[in-house]
Amino acid sequence: MSWLKRMVLLGALGLAPALHAQVDDSESEAETEVVVPDSAALQALGVRLARLREAAQQTDSVRTAFEQAELAIERAREARQLGDEPRALRAEQIADAATTLAERRLALAREREAMRIARARLEDAHRSQGAAREALKLAQKRAAEAP
Amino acid sequence: MNTLRLALGFVLLCGACSHAPRTRTELDAARLAHAKALHVKERAPELFQKVTEAEAAAKAAGDDEATRADQLAIARLWLEAAIAECERADSAGARLVIEREIEGVQAQTQRDQASAHALDLELERRAAAQIAAQEIKRALERAALTQGQRPKLDKATETGAARALWTRAQLVIEAARALGASGQDLEEAQKLGDAARAALPSKPDVALDLADRALSRAWIALGPVRAIDGAVSDGEKQALREELDVQGAALSRDDRGLSASLSDMFTPQDRLSASAPRKLARLCALSSAHPKGARRFSVSAASEAAAARRREQLSAALQAAGCDGERMGIDARVQAGSALELTFFAY
């Protein structure tokens, strides 16, 4: 994720404190190299996000939520790395909510696509019905005119 | 571009680093109103509960600005998820209505297509029946003449006429059998039909005569079966009309019943025409095939004496054809023309 995009997203999410902490913490990153493993909750979120990755490329509304979730996960990792567990837990909550939002928006997008197809099918069905009605009228006319 | 990027970064960083209140203190009013309109609270209670909890956590955070901002962000995300869920449910409900409408429209389309197809088939059947009737008419007309009187035709045409008549006879035989007819008339009809088929390839004119007689006998065989039921059915009326029509008769219906008028039955000298005896024999057979009610012949001539002569000629011919005279009276009228009329009162 680009630096600029990340800044904009952080602002949009109201996650400025995280950025603030990150800017401060970045100076000490070089000194602490111990990697804290992801919590079970983060791992589960990772699995859910992996399922959404492809759909997120195709649907704007899903992509926005997807990126919010990714950013929050990153933030949770950073906070945990720094030993700030409350902030890490809040970031996990944000990631959970954003992932859920991405899932629901994906479901909504799919439903809207199904609706679009249903409307097209309805139009098609009406067209076919019109043609069938015309054919029937012609057949009735032929039958009436036949000796 | 770089200047713009720097400026934007500066603005965001200032916002992020400032200690002044910079987060929204509550959820967006418009989105909340939208959620209310969608009845999110009732329709997505689990998601809405999380909104409430996050809002409460934001309030509880007090001066902890970071916690407060995070909790509000969480509340906003859950609210959007709940809205998306309700919009999806609304869309699914609307789609279900459309799907049902599609089913209805498709069912109507299928009914219309089936009706149109049935009409087309009926038209084809009628056209085929007309062609067959024309063929039979020509064949019967030819069969009414003696072999010497018949116009010369090529063998294929002769064979075609004989085959048409044989097919008709065979159909009537099969119908009589299906209706439960039996006895000597049916056996005789079958024998004549078999003989006609055997003669078809080599002697089509002989086959034509045999098929004509087979048809008459098959009609006679049908009579006892039809006599069982009291009332004349619509099917019987239709059958009689068709059979009289292929005899070349002009049909009319009035309060007396169904009348068939055959022209050219008498010569100007008040004698029966060459084809009349065979045609009368067929009318007799048809009369046996449709036995319900009385029927009456009517002959007309320009004078009383001529009409009487025609009645005499007709009576003799009917007797020769083995017609049941008891129910067949003959009226003689003074009227121009050589037509002969037979009225079926019950049909």
Side-chain angles (χ1 to χ4, degrees), chain A residues 3-4 7-8 10-11 13-21 23 61 65 68-69 72 86-87 90-91 93-94 96-98 100-112 114-115 117-119 121-122 124-126 128-140 142-143 146-147, chain B residues 5 8-9 11-13 15-18 22-24 44 47 50 54 57 65-67 69-78 80-85 87-89 91-92 94-96 98-99 101-106 108-113 115-120 122-123 126-127 130:
Chain A
W3 173 86
L4 178 61
M7 296 288 273
V8 172
L10 283 168
L13 268 171
L15 300 181
L19 179 68
H20 180 64
V23 170
S61 62
Q68 284 172 340
R87 193 158 66 86
R90 290 201 307 276
Q93 285 178 322
I94 289 172
D96 182 25
T100 304
L101 176 58
E103 287 166 346
R104 301 296 164 129
R105 280 181 174 170
L106 177 60
L108 175 60
R110 283 179 176 158
E111 177 52 47
R112 282 180 174 156
M115 175 64 111
I117 291 167
R119 284 197 175 118
R121 281 179 56 221
L122 180 62
D124 190 47
H126 276 301
S128 299
Q129 215 264 313
R133 195 186 298 132
E134 280 305 308
L136 177 59
K137 276 183 191 168
L138 283 174
Q140 284 167 337
R142 279 199 304 271
Chain B
R5 183 173 161 166
L8 184 59
V11 169
L12 282 170
L13 277 171
C17 300
S18 166
R22 60 199 175 286
T23 55
R24 278 180 277 177
L47 293 170
K50 293 190 174 183
E65 190 57 37
T67 303
D70 282 348
Q71 291 300 341
L72 277 174
I74 291 165
R76 274 194 291 276
L77 288 166
W78 285 122
E80 291 302 322
I83 287 171
E85 174 57 20
E87 286 177 346
R88 186 204 59 75
S91 179
R95 184 164 58 85
L96 190 64
I98 289 176
E99 298 283 359
E101 191 180 344
I102 290 170
E103 278 174 25
V105 173
Q106 283 175 339
Q108 183 60 46
T109 304
Q110 281 177 353
R111 281 196 294 275
D112 286 352
Q113 283 171 340
S115 300
H117 184 59
L119 280 172
D120 285 342
E122 173 60 17
L123 281 174
R126 271 197 239 169
Q130 273 181 347

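A note on names: the letters A, B, ... follow the listed sequences, proteins ahead of strands, and every chain is numbered from 1. Computed from a predicted model, the values in this text were never measured in an experiment.
- A donor atom on one side chain and an acceptor atom on the other are not found under 3.5 Å apart for Asp70(B) and Gln93(A).
- Between chain A and the residues Gln106(B), Glu87(B), Lys50(B), Gln110(B), the most heavy-atom pairs under 4.5 angstrom are made by Glu87(B).
- Other residues, nucleotides and ligands contribute only 12 or fewer heavy atoms inside 6.0 Å of the CZ atom of Arg110(A).
- Contact annotation for Ala127(B): neither backbone nor side-chain heavy atoms come within less than 4.5 Å of a heavy atom of chain A.
- From Asp112(B), atom CG reaches atom NZ of Lys137(A) across 10.0 Å, with rounding to the nearest 0.5 Å.
- Counting heavy atoms of neighbouring residues, nucleotides and ligands inside a 6.0 Å radius, atom CZ of Arg126(B) exceeds 12 of them.
- Contact detail for Leu101(A) and Ala81(B): the closest heavy-atom pair is CD1-N, 3.3 Å.
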CA sep, side-chain torsions, deciding dist, call: Arg142(A), Leu119(B), side chain to side chain contact (heavy atoms under 4.5 Å, CB included): CA-CA 9 Å; Arg142(A) 279 199 304 271; Leu119(B) 280 172; over 6 Å; no

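- Of the listed residues His117(B), Gln113(B), Glu101(B), Gln71(B), the one with more heavy-atom pairs under 4.5 angstrom with chain A than any other is Glu101(B).
- Counting all heavy atoms, side chain and backbone alike, Ala116(B) lies closest to Leu136(A) at N-CD1, 3.5 Å.
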Between Arg121(A) and Glu99(B), is a salt bridge (charged side-chain N to carboxylate O under 4.0 Å, His left out) present by the stated rule, with each step listed? CA-CA 9 Å; Arg121(A) 281 179 56 221; Glu99(B) 298 283 359; 2.9 Å; yes

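- Residue Asp124(A): no heavy atom, backbone or side chain, is found under 4.5 Å from chain B.
- Here the closest heavy-atom approach between residue Arg104(A) and residue Leu47(B) is recorded as NH1-CD1, 3.7 Å.
- Across all their heavy atoms, Ala143(A) and Leu123(B) have their closest contact at CA-CD2, 3.6 Å.
- Interface remark: of the candidates Ala139(A), Ala118(A), Ala97(A), Ala97(A) forms the most heavy-atom pairs closer than 4.5 Å to chain B.
- In this structure, Ala98(A) and Leu77(B) approach most closely via the heavy-atom pair N-CD1, 3.9 Å.
- Remark: Glu111(A) CD to Glu85(B) CD distance equals 10.5 Å, nearest 0.5 Å.
- Looking at Ile102(B), both its backbone and its side chain come within 4.5 Å of chain A, counting heavy atoms on both sides.
- Contacts between Gln140(A) and chain B at a heavy-atom distance below 4.5 Å involve backbone atoms as well as side-chain atoms.
- Contact annotation: the side chain of Gln108(B) never approaches that of Arg133(A) to less than 4.5 Å [non-hydrogen atoms, C-beta and beyond].
- Among Ala107(A), Ala91(A), Ala135(A), the residue with the largest count of heavy-atom pairs under 4.5 Å with chain B is Ala107(A).
- What you find for Arg90(A) and Ile74(B) is that their closest heavy atoms are O-CD1, 3.9 Å.
- Separation of atoms CG (Leu122(A)) and CZ (Arg95(B)) is listed at 13.0 Å; rounding is to 0.5 Å.
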